[in-house]
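Following: one structure in structure tokens, then a few remarks.
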Amino acid sequence: MKQALHTLIVTTLHTLQVRGEIAPFDEASIKIELPRDKSHGDFASNVAMLLAKPNALNPRVLAQKLIDAFPVTEWLVSAEIAGPGFINFRVAAEAKFAVLAQVFQKQSDYGRVNLGEGRLVQVEFVSANPTGPLHVGHGRGAAYGSALVSVLRHAGYQVEAEYYVNDAGRQMDILTVSVWLRYLALCGEQVTFPSNGYQGDYIITTARALLTEQGDGLRAQAQAVFANVSEDQVLDDAGNVLRGDKEQHIDDIIVNARALLGADKYRLILDRVLHDILSDIKEDLSEFGVHFDNWFSERSLMDTGVVDAALERLQANGQLYEQGGAIWFRSTDYGDTKDRVVVRDNGIKTYFASDIAYHYNKLARGYDKIINIWGSDHHGYIPRVRGAIKAMGEDDARLMVLLVQFAVLYRGTEKAAMSTRSGQFVTLRELREEIGTDATRFFYVMRRCDQHMDFDLDLAKSKSNENPLFYIQYAHARCCGVFAQLAVKGYAHWQAQDGLAQLALLTEESEAELAQKLAQFPEVIAAAARDSEPHQVAYYLKDLAHLLHSYYNNTMLLVDDDDVRTARLTLIAATRIVLANGLAVLGVSAPERM
RNA sequence: GCGCCCAUAGCUCAGCGGAAUUAGAGCAACGGCCUUCUAAGCCGUAGGCCAGAGGUUCGAAUCCUCUUGGGCGCGCCA
């Protein structure tokens with residue numbers, strides 16, 4: 001409908017332009033909107049005010065000129081000038097309900113639009129380090145990312161969802177040693193666990209599995225493990241460091257572990273714990289309704305020489321230099337605050353080097369657009385990554401970085417502390433089990449991702465009926481309930497074709513409103529995709545559910561008059577489809593009864 | 001100190017790269033509505049100097065600048 005009005009205005013403007021009455025204009029800038037106040041009509045346009053200035057005409061005069069030039073259209077009831085120069089439109093009732101036929105024709109595809117025209121987009125999200133279970137902080141990125149993927153797919157983009165697995169580097173060594181020390185303890189060795197080790201129960205679980213599978217084949221004497229190891233950090237009651245260095249301490253243990261175990265056994269432990277944690281993460285995400293097409297390994301970048309290739313490319317472009325034994329990238333040439341090390345003086349490549357390689361690889365894969373969803377704490381990272389892309393001679397416009405703000409967790413009024421190292425965190429799994437996967441997802445997706453967010457665990461748990469998700473799901477269940485009652489009451493089976501023939505009987509204001517809302521759904525999907533804002537879909541569904549509830553409460557649907565009943569059921573059936581489609585986009589279920 | 005994000009009702013948040021003398025929801029508060037399709041609902045009342053101050057214009061919660069208040073980031077860590 002909006003589209004039809006837009007076309008009408010544009011073609012009419014072209015007519016005026018040909019006649020030389022107005023100057024050329026930008027079609028895309030002409031907006032059709034829904035008036036806030038229904039008494040103003042069904043639609044409104046600001047076109048006259050927009051074009052007033054370039055044509056040196058009074059907006060109202062221009063509006064009148066435009067209206068006079070409109071061709072005769074049967075669905076257009078009236079076009080009036082209002083206020084400073086708005087044009088208010090009223091359309092025929094039939095036109096408002098025309099959307100219903102479309103909904104039935106497209107069914108679960110209603111809402112799909114072709115904004116993306118099949119363009120290939122990659123969305124990388126979550127990418128939490130595989131050093132422990134996902135915690136609630138990852139939940140927001142997971143929910144937002146998967147909803148965005150879904151929205152983009154509905155908007156006609158071809159999307160690949162990817163998880164970047166940081167399975168290389170020092171933290172993998174710390175992880176390995178953490179498991180090994182737990183294993184040694186299980187073997188009966190007297191070991192003191194490093195303060196910087198990973199302390200979660202999952203570490204012990206893997207250690208136990210290794211003990212079962214390997215017996216004492218990985219055992220070493222505690223004395224040897226801690227030989228020449230510098231002192232671990234010692235804290236006073238206030239948490240100040242009295243002496244020792246936890247980083248050096250664990251690094252020393254790592255050196256000993258490598259020597260005592262040998263490369264193969266060391267790798268065996270590393271692979272085992274990595275596998276266990278990754279399996280857990282995959283299962284967790286899957287249960288959360290988050291699915292990835294690719295799990296991309298950082299280690300594979302090193303193994304296949306991509307890191308070297310990327311660095312060579314930078315070298316060839318003269319973007320690297322050596323200083324103090326390290327190799328630096330001139331990121332300041334690209335707006336970064338300082339140059340960054342890519343290879344340390346000990347020869348080890350930095351995480352940033354991997355990341356350059358990763359983006360190098362992504363760009364080579366030929367995506368039209370690459371979307372990175374990062375936690376807001378990574379914002380300082382953007383300039384150097386963009387810089388690296390440009391320095392490699394690529395177009396950084398292909399990269400879009402979306403930052404997800406932290407969700408601050410509260411238990412009542414108390415902040416819930418999170419730390420993977422200490423093992424004291426609320427896991428995403430715990431959260432899902434407590435308040436439900438649907439509610440968790442919806443709660444996260446409802447909010448704009450760039451908005452700080454308070455997540456009160458007690459509230460979410462104890463008063464889950466406050467969650468607007470139930471409001472929407474209930475609307476869906478009610479629609480289903482009506483059809484269940486239809487059979488119970490012995491009325492004839494409803495059919496879409498019969499209903500579509502009776503739409504003239506939908507004369508109530510609330511019915512027209514509901515139908516117009518249904519017509520908006522594809523636009524909402526398009527807008528959500530354009531703005532990368534899945535929450536727009538959530539708010540749309542809230543509005544739609546409200547109209548449904550209101551209609552349901554004020555209008556008897558299962559009336560004796562066959563034609564009226566059939567007509568109303570048609571509206572309900574279409575509403576149910578749109579509610580279900582919308583909920584599916586957000587990855588939450590649409591229950592038939594509650 | 002520098003940079004990024006943010007500030008809207010008691011609380012949690014919308015407000016589509018500006019518009020029609022009344023800024024919206026939900027929750028919390030108050031008052032109505034179940035002998036008819038699910039009351040996890042509906043209808044109504046109350047509640048806001050859109051952090052503050054300037055600026056741009058026909059018009060600013062929305063754009064610009066500054067101030068205040070909060071989150072985060074500024075390693076040869078990952």
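Proteins come first, then strands; the chains are lettered A, B, ... in the order of their sequence lines, and each starts at number 1.
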Pick base, sugar-phosphate or nothing for A/Tyr381, based on heavy-atom distances below 4.0 Å to the nucleic acid. base
What is the distance from CH2 of A/Trp374 to P of B/rG71, rounded to the nearest Å? 24 Å
State whether A/Tyr164 places a side-chain N or O below 4.0 Å from either non-bridging phosphate oxygen (OP1 or OP2) of B/rA78. no
Could you give the CD1-to-C1' distance, from A/Ile87 to B/rA20, as a whole number of Å? 14 Å
Touch check for A/Ser127, heavy atoms < 4.0 angstrom, all strands: base, sugar-phosphate only, or nothing? nothing
Across the strands shown, which category fits A/Gly324 at heavy-atom distances under 4.0 angstrom: base, sugar-phosphate, nothing? base
Could you tell me the separation between the CG atom of A/Asp377 and the P atom of B/rG73, rounded to a whole number of Å? 6 Å
Donor/acceptor link under 3.5 angstrom from A/His379 side chain onto base of B/rG3: yes
Just call it for A/Asp543: base, sugar-phosphate, or nothing, with non-hydrogen atoms closer than 4.0 Å on any strand. nothing
Going by atom types only, do A/Tyr334 and A/Gln319 share a side-chain donor-acceptor pair under 3.5 Å? yes
For A/Arg593, which contact category applies under a 4.0 Å heavy-atom criterion: base, sugar-phosphate, or nothing? base
Nearest whole angstrom, please: distance from the C1' of B/rC43 to the OH of A/Tyr552. 17 Å
Return the value, rounded to whole Å, for the distance between atom CG of A/Asn129 and atom P of B/rC77. 16 Å
Respond yes when some side-chain nitrogen or oxygen of A/Ser550 is under 4.0 Å from OP1 or OP2 of B/rG41, and no when none is. no
Could you check whether A/Asp450 gets within reach of a base, just the sugar-phosphate, or nothing at all, counting any heavy atom under 4.0 Å? sugar-phosphate
Can you see whether A/Tyr491 has A/Arg565 sitting over its ring - NZ or CZ less than 6.0 Å from the centre and within 45° of the normal? yes
Determine whether the aromatic ring centres of A/Tyr358 and A/Phe296 lie less than 6.0 Å apart. yes
Classify the glycosidic conformation of B/rC34 as syn or anti, calling it syn when the angle lies within 90° of 0. syn
Pick base, sugar-phosphate or nothing for A/Glu592, based on heavy-atom distances below 4.0 Å to the nucleic acid. base
Atom pair distance, as rounded to whole Å: NE2 in A/His549 and C1' in B/rA40: 8 Å
Phosphate OP1/OP2 of B/rA40: any A/Tyr474 side-chain N/O under 4.0 Å: yes
Once hydrogens and angles are ignored, does a donor-acceptor distance under 3.5 Å link the base of B/rA39 to the side chain of A/Asn553? no
Against the side chain of A/Lys542, the closest entry in B/rC37, B/rA25, B/rC13 is B/rA25
Check whether any side-chain nitrogen or oxygen of A/Lys338 sits under 4.0 Å from OP1 or OP2 of B/rC76, and answer yes or no. yes
When you get a sec, tell me which of B/rC74, B/rC37, B/rA14 is the closest nucleotide to the side chain of A/Thr337? B/rC74
Options B/rA40, B/rG15, B/rA78, nucleotide nearest the side-chain atoms of A/Met594: B/rA40
Sort out the partner of B/rG26 for me: Watson-Crick or G-U wobble, both distances under 3.5 Å, none otherwise. B/rC11
How about A/His546 and A/His549: are their ring centres within less than 6.0 Å of each other? no
Complementary nucleotide for B/rC72 - Watson-Crick or wobble, under 3.5 Å: B/rG3
Nucleotide forming a Watson-Crick or wobble pair with B/rU35, both distances under 3.5 Å: none
Is it true that the NZ or CZ of A/Arg447 lies under 6.0 Å from the centre of A/Tyr444's six-membered ring and within 45 degrees of the ring axis? no
Closest heavy-atom pair and its distance - A/Thr131, A/Met172: CG2-CE, 4.0 Å
Using the C1' atoms only, state how far B/rC63 lies from B/rU45, rounded to an integer number of Å. 37 Å
To the nearest Å, give me how far apart NZ (A/Lys246) and P (B/rC77) are. 15 Å
When A/Arg478 and A/Gly169 are each assigned the nearest nucleotide of RNA chain B, the 5'-most assignment goes to A/Arg478
So which nucleotide does B/rC49 pair with, by the Watson-Crick or G-U wobble rule with both distances under 3.5 Å? none
Inter-nucleotide P distance (B/rG69, B/rU57), Å rounded: 32 Å
Answer yes if the side chains of A/Gln473 and A/Asp438 hold a donor-acceptor pair under 3.5 Å, and no otherwise. yes
How many whole angstroms separate atom CZ of A/Arg340 from atom C1' of B/rC77? 13 Å
Nearest nucleotide by nearest heavy atom, which residue falls closer to the 5' end of RNA chain B, A/Lys489 or A/Glu298? A/Lys489
Presence of A/Gln171 side-chain N/O under 4.0 Å of B/rC77 phosphate oxygens OP1/OP2: no
Mate of B/rC63 where both pairing distances stay under 3.5 Å, Watson-Crick or G-U: B/rG55
Using a heavy-atom cut-off of 4.0 Å across all strands, would you classify A/Ala484 as base, sugar-phosphate, or nothing? nothing
Within the 3.5 Å criterion, strictly below it, is a donor on A/Gln248 or A/Asp252 matched to an acceptor on the partner's side chain? yes
Rounded to whole angstrom, note down the P distance from B/rC30 over to B/rU68. 42 Å
Pairwise C1' distance, B/rG73 and B/rA14 [rounded to whole Å]: 28 Å
As a test of reading the structure: which of B/rU38, B/rC76, B/rA14 is closest to the side chain of A/Arg344, going by heavy atoms? B/rC76
What's A/Ala527 touching, base or sugar-phosphate or nothing? Going by heavy atoms closer than 4.0 Å. nothing
